[in-house]
Every structure is written in C-alpha cells, then in structure tokens.
Protein chains: 2
Amino acid sequence: MNDQMNQALKTRAAPDERLPRYQQVRDDLVHRIAVGEWGPGDAIHTEAELSLAYGISTGTLRKAIDLLVAEGVLTRSQGKGTFVRRPRFDSSLFRFFRFKSRAGDDVLPTARIAGRTVEAPPAAIRDSLALTADALAIRLARWRLIDGKTVLAEDIWLPKDGFEPLLDLPFESFGDLLYPLYESLCKQVVATAMETLRVEQADRAIAKALDVSPNSPVIHVQRTAFNFAGRPLEWRSTKGAAAGFQYQIEIR
Amino acid sequence: MNDQMNQALKTRAAPDERLPRYQQVRDDLVHRIAVGEWGPGDAIHTEAELSLAYGISTGTLRKAIDLLVAEGVLTRSQGKGTFVRRPRFDSSLFRFFRFKSRAGDDVLPTARIAGRTVEAPPAAIRDSLALTADALAIRLARWRLIDGKTVLAEDIWLPKDGFEPLLDLPFESFGDLLYPLYESLCKQVVATAMETLRVEQADRAIAKALDVSPNSPVIHVQRTAFNFAGRPLEWRSTKGAAAGFQYQIEIR
DNA sequence: CAGTGGTCTAGACCACATG
DNA sequence: ATGTGGTCTAGACCACTGT
C-alpha cells in the first residue's frame with residue numbers, strides 16, 4: 001500500500017461533536033466511500049468490525065447504516081454483507097417515459113452518439129458543473145432509438161478534466177449506457193442526480209429529430225449528476241415527445 | 001363509551017405471526033388509527049405505555065414507530081409526544097405547478113365550485129372508488145383562480161355514501177380547501193393519495209376555461225385519495241396550462 | 001460449518017417541553 | 001419537577017448465505 005492510499009485511508013471527515021454518534025459514523029462512512037476506500041459493488045466491513053473500530057455498540061452502528069440504506073448509498077443482504085450500491089439510473093427516464101416496441105412490450109432504447117465537440121460551456125452549464133471561467137467541456141449529441149426511430153434527443157456536457165478518455169473513443173464503442181462507461185474508462189462514478197422536468201413545444205429542430213409536428217408538446221428533462229463527494233460530473237438535457245409520457249407518485 | 005366504540009377499541013388486526021414483532025405492532029397501530037382510536041393531530045400513547053402494553057422492549061417499539069414516521073403516518077416531537085400526522089396536500093399541486101400572483105410571489109389559488117350533480121360514475125371512476133355497479137357519486141366542478149383568472153379546472157367524484165352532507169352546502173361555503181371540509185362535515189379523513197401526471201393538448205372546453213389556445217400543452221393530474229383504512233374517498237382530475245409547470249426530483 | 005445481517009432485550013442517561 | 005422522545009449500551013438469539 002502506497003503513501004497516498006495510506007493517507008486516504010487515514011483521512012477522516014472532521015467529526016462534529018455536537019452531532020449524535022450515529023450521524024458522525026454515517027458521515028465518516030460516506031467520506032470513506034467518497035475517497036474510494038470502497039467502490040460500487042464492494043462489501044464494506046462487517047457490523048462487528050465497524051462497531052468495534054468506532055467504539056460503539058452494534059445498535060448505534062446499525063442506526064448509522066440504516067441512514068445510508070435509506071439514502072440509497074448502501075444495500076444490505078442478510079448472510080452476505082453490506083454493499084456500496086451501484087446506482088443504475090440510466091433507465092431513470094422510465095420514471096417519465098413508457099416506451100413500447102412495435103411488438104408492444106416495454107424496451108430500453110438503444111443509443112447512438114451523433115456528435116462530439118470540445119467547447120467552452122455556456123454560463124448556466126458552467127455553473128451547474130462548478131467549472132472555472134476558462135475550463136473546457138466535452139459536448140455529446142446523443143440519440144435514443146427504438147426500432148430505429150429516434151424517441152429521445154440528448155445534449156450532454158462533461159468537464160474535459162476527468163473525461164478526456166472519451167475524446168479518443170469511436171462513436172460505435174460508446175454502447176447504450178454512459179454511466180458504466182464513465183466508470184470503467186474515466187474512473188468517474190455517478191452517485192446521485194437532480195432532474196428538473198418541464199413541458200415545452202417542439203421547435204423545428206426537435207420536431208424533425210423526433211418526427212413530431214412543430215409546436216407539439218415535448219417533455220424536457222434536465223439532469224445534473226454528482227459523484228459521492230458531491231462534485232457535479234454531467235449536465236444533460238433530454239427531450240422526448242409528450243405523447244408517450246406518464247408519471248406516477250404517491251403522496252402522504 | 002358505547003358498545004360500538006368499545007368494540008372498535010378491542011378490534012385488532014389479526015397479527016401475522018410470521019412477521020417480526022415490530023411489523024405486527026406497526027400493523028396494529030395503523031389499524032387503531034384506521035378505526036378512529038386516534039385521529040389526525042392526536043397524540044398516541046407514550047413509548048413507555050405502548051411497549052408495556054405490547055409486551056416488547058422500547059427498542060422494538062421505537063422501530064415500529066420509526067416505520068410509521070417514515071411512511072408519513074406519525075410525527076414525533078421530543079418532549080411532547082408522538083402524533084397522528086394530518087396530511088395537508090391540498091397544496092400538493094405545488095409539486096407540479098408554480099403559481100405566481102401579479103405581484104410575482106407564490107400564492108395558493110382560491111377555489112370556486114362551479115357545479116354539483118349526483119351521477120352514476122363511469123366504470124373507470126367507479127372502479128377507482130371501489131363502488132358497486134349501482135352506487136351513485138357526487139360530482140363537483142371546481143375552478144382554482146389567481147387574481148380572478150382560472151388556472152386549474154377540476155373534475156371531482158366522491159362516493160355519495162359518506163359525503164351526502166356536501167349536497168346541502170351552498171357553493172360559497174366550500175372554502176378554498178376541500179379536505180378539511182371532508183373531515184369536519186363528512187368525518188372522512190384523507191390519509192394518502194396516488195397521482196398520475198400526463199401531458200395532453202387542450203380541447204376547446206379546457207382551452208376556453210384556462211384561456212389558452214386550443215392544442216396548447218396541458219398538464220393533467222389524476223388523483224385518487226384514500227383514508228387510513230385504504231378506502232378510496234375521492235377521484236379527482238386537475239388540468240392546468242403546461243407553461244407554468246415545473247417538477248424537480250432527486251435520484252439515487 | 002462459520003460468518004453475515006436481522007431481530008430483540010432491559011435497561012441507562014440525555015435533551016427538550018411544559019406546568 | 002415531571003414527562004416526553006432521543007441516544008446508546010452490551011449483549012442474546014435467529015435466519016440466511018456460502019463453503
């Protein structure tokens with residue numbers, strides 16, 4: 001184990017003594033995940049080990065882990081262990097869109113990269129990505145298709161710093177899911193995201209891309225994705241015809 | 001205390017022995033709320049009393065209450081007690097719509113009842129309300145206004161059985177919020193609801209009511225509301241112009 | 001079988017609210 | 001001062017997983 005790794009392992013989020021112990025432990029576990037001590041899919045230490053190491057009872061440790069499970073950071077499997085959850089919300093648009101194939105069943109659309117440039121991002125996107133004024137970004141145009149028809153049009157911006165390997169990748173090698181690619185090729189792990197949904201009317205470009213009539217309603221989802229440390233990794237805009245759209249929620 | 005009440009208090013949900021104790025206790029507490037032993041705003045018994053009565057430790061009882069707090073059924077206040085939560089989601093449309101007054105600040109729209117009939121509900125609504133084939137329903141047409149302009153048009157269906165007092169109420173006495181009225185006048189408490197959101201294009205009637213151009217995008221929220229026992233109490237359709245619409249969500 | 005998380009106990013003490 | 005929920009302990013035993 002090299003010094004750098006050693007340092008990372010020793011690093012601890014400064015515990016706020018005013019907080020309950022289970023909160024301090026929760027914060028420290030998040031920190032250890034953020035610095036990469038455990039990655040997605042890894043098992044963290046056992047409850048017995050952790051409670052001993054932190055000097056707390058198993059009940060208190062379980063409460064700390066309960067919080068992280070509720071937040072979606074960890075998952076527990078009886079008899080197996082506690083694991084860092086791998087968020088797989090490349091399919092999260094299924095919250096909003098129901099796509100049917102010609103055969104009638106729900107399908108995940110395939111993806112095609114239609115363009116790739118390096119640009120200075122507009123101010124709004126630069127702010128969302130927390131970039132400095134002179135930083136560059138990678139911009140991807142991406143289409144999502146079902147049965148060869150474009151159902152979603154995406155405009156994606158990534159910090160050039162951290163995603164440079166994408167610049168050398170042939171379009172055909174991107175595959176249908178970007179987040180596994182970010183992880184394997186760029187060592188960037190998406191942990192959470194914020195999405196904002198609006199309804200717009202199709203302009204000429206979108207109407208043509210989606211093959212709908214101009215001014216017909218279009219769903220516009222803007223997503224900003226973050227890693228475990230809270231750094232913004234991706235700004236994404238997705239547009240699709242409102243006709244196939246449905247969203248359901250329970251209220252209390 | 002009369003016999004009927006006595007009976008209600010003695011009633012217990014048949015505990016499923018295969019479930020953990022904290023689940024059985026959770027189920028029983030829900031049942032006691034559903035039969036009216038405690039209503040919205042009431043304090044339930046203290047942790048000490050309940051753990052003694054159920055013959056479980058405080059830790060197990062707390063886990064049962066934790067579940068109900070997470071579900072939004074109860075709220076806890078340190079030093080005061082644990083209370084049945086009063087859901088106040090007549091304002092839930094703020095999840096979807098942002099209304100601005102002429103002055104520019106967020107406002108809750110006022111309400112006006114525009115019509116009231118007793119009808120046999122269409123099959124879809126009858127099913128949603130779990131009514132028998134020959135049951136009648138009360139139908140309300142309701143407008144939500146800001147600065148005198150209609151921003152939402154609502155179509156509301158209620159089981160006639162349970163909501164008859166509404167038939168004698170003058171339109172002006174309905175007020176801006178329906179759920180408090182259901183509770184005070186009809187003794188019907190809304191506990192949860194399911195909402196489904198779609199985007200449509202305005203037909204002539206809606207376009208005129210909302211003062212938008214025909215075929216412009218319209219948000220359609222369909223809500224079914226339930227009491228604590230899970231009985232559907234209300235079927236509601238709300239339509240508003242998509243222009244003022246925005247929805248935000250965090251994903252993990 | 002050994003090891004993991006899941007359930008549960010029988011308390012103790014602390015922090016906050018109210019009279 | 002009293003009573004409430006909030007935190008925490010130091011275990012025990014159970015249910016499930018994989019060897």
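Remember, predicted model here, so these are calculated numbers, not experimental data. Within every chain, numbering begins at 1; the chains are lettered A, B, ... in the order of the sequence lines, protein sequences first and strands thereafter.
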A.B. asks: Taking CG from Leu67(B) and P from dC8(C), how many angstroms apart are they, rounded to a whole number?
C.D. replies: 11 Å
A.B. asks: Whole angstrom is fine here: how far is it from CD1 in Ile44(B) over to C1' in dT4(D)?
C.D. replies: 12 Å
A.B. asks: Please determine, by modelled atom types, if Tyr54(B) and Gln24(B) share a side-chain donor-acceptor pair under 3.5 angstrom.
C.D. replies: no
A.B. asks: Does Tyr22(A) place a side-chain N or O at less than 4.0 Å from the phosphate oxygens OP1/OP2 of dC8(D)?
C.D. replies: no
A.B. asks: Would you tell me whether Glu234(B) and Tyr179(B) have side-chain atoms, one donor and one acceptor, within less than 3.5 Å of each other?
C.D. replies: yes
A.B. asks: Less than 3.5 Å apart, any donor N or O on the side chain of Gln248(B) or Thr196(A) sitting next to an acceptor on the other?
C.D. replies: yes
A.B. asks: Looking at dT9(D), dC8(C), dG5(D), which one has an atom nearest to any side-chain atom of Thr46(B)?
C.D. replies: dG5(D)
A.B. asks: From the options dT9(C), dG6(C), dT9(D), select the nucleotide whose nearest atom is closest to the side chain of Ile56(B).
C.D. replies: dT9(C)
A.B. asks: In whole Å, I'd like the distance from the CG atom of Leu61(B) to the C1' atom of dT7(C).
C.D. replies: 15 Å
A.B. asks: Hey, does the side chain of Gln23(A) reach the backbone of Pro20(A) with a donor-acceptor pair shorter than 3.5 angstrom?
C.D. replies: no
A.B. asks: Report the nucleotide, chosen from dT9(C), dG5(C), dC8(D), that has the shortest atom-to-atom distance to any side-chain atom of Ser57(A).
C.D. replies: dC8(D)
A.B. asks: Base, sugar-phosphate, or nothing: which does Arg62(A) touch, judged by heavy atoms less than 4.0 Å apart?
C.D. replies: base
A.B. asks: May I ask you to check whether Glu154(A) and Thr238(A) show a side-chain donor-acceptor distance below 3.5 Å?
C.D. replies: yes
A.B. asks: Starting at NE2 of His45(B) and ending at P of dT4(D), how long is that distance when rounded to a whole Å?
C.D. replies: 11 Å
A.B. asks: Does Thr60(B) place a side-chain N or O at less than 4.0 Å from the phosphate oxygens OP1/OP2 of dC8(C)?
C.D. replies: no
A.B. asks: Is a salt bridge present between Arg112(B) and Glu172(B), judged by a nitrogen-to-oxygen distance below 4.0 Å?
C.D. replies: no
A.B. asks: Base, sugar-phosphate, or nothing: which does Ile65(A) touch, judged by heavy atoms less than 4.0 Å apart?
C.D. replies: nothing
A.B. asks: Below 4.0 angstrom, which residues in residues 75-85 of chain A have at least one non-hydrogen atom near DNA chain D?
C.D. replies: Gln78(A), Gly79(A), Lys80(A)
A.B. asks: Take atom CG of Leu52(B) and atom P of dA10(C), then tell me their distance rounded to the nearest Å.
C.D. replies: 12 Å
A.B. asks: CG of Leu50(A) versus C1' of dG3(C): gap in Å, rounded?
C.D. replies: 15 Å
A.B. asks: Decide, yes or no, whether a salt bridge links Lys187(A) with Glu183(A) under the criterion of side-chain N to carboxylate O below 4.0 Å.
C.D. replies: no
A.B. asks: Provide, to the nearest angstrom, the distance between the CD atom belonging to Glu47(B) and the P atom belonging to dG6(D).
C.D. replies: 6 Å
A.B. asks: Using whole Å, report how far CG of Leu19(A) lies from C1' of dC14(C).
C.D. replies: 15 Å
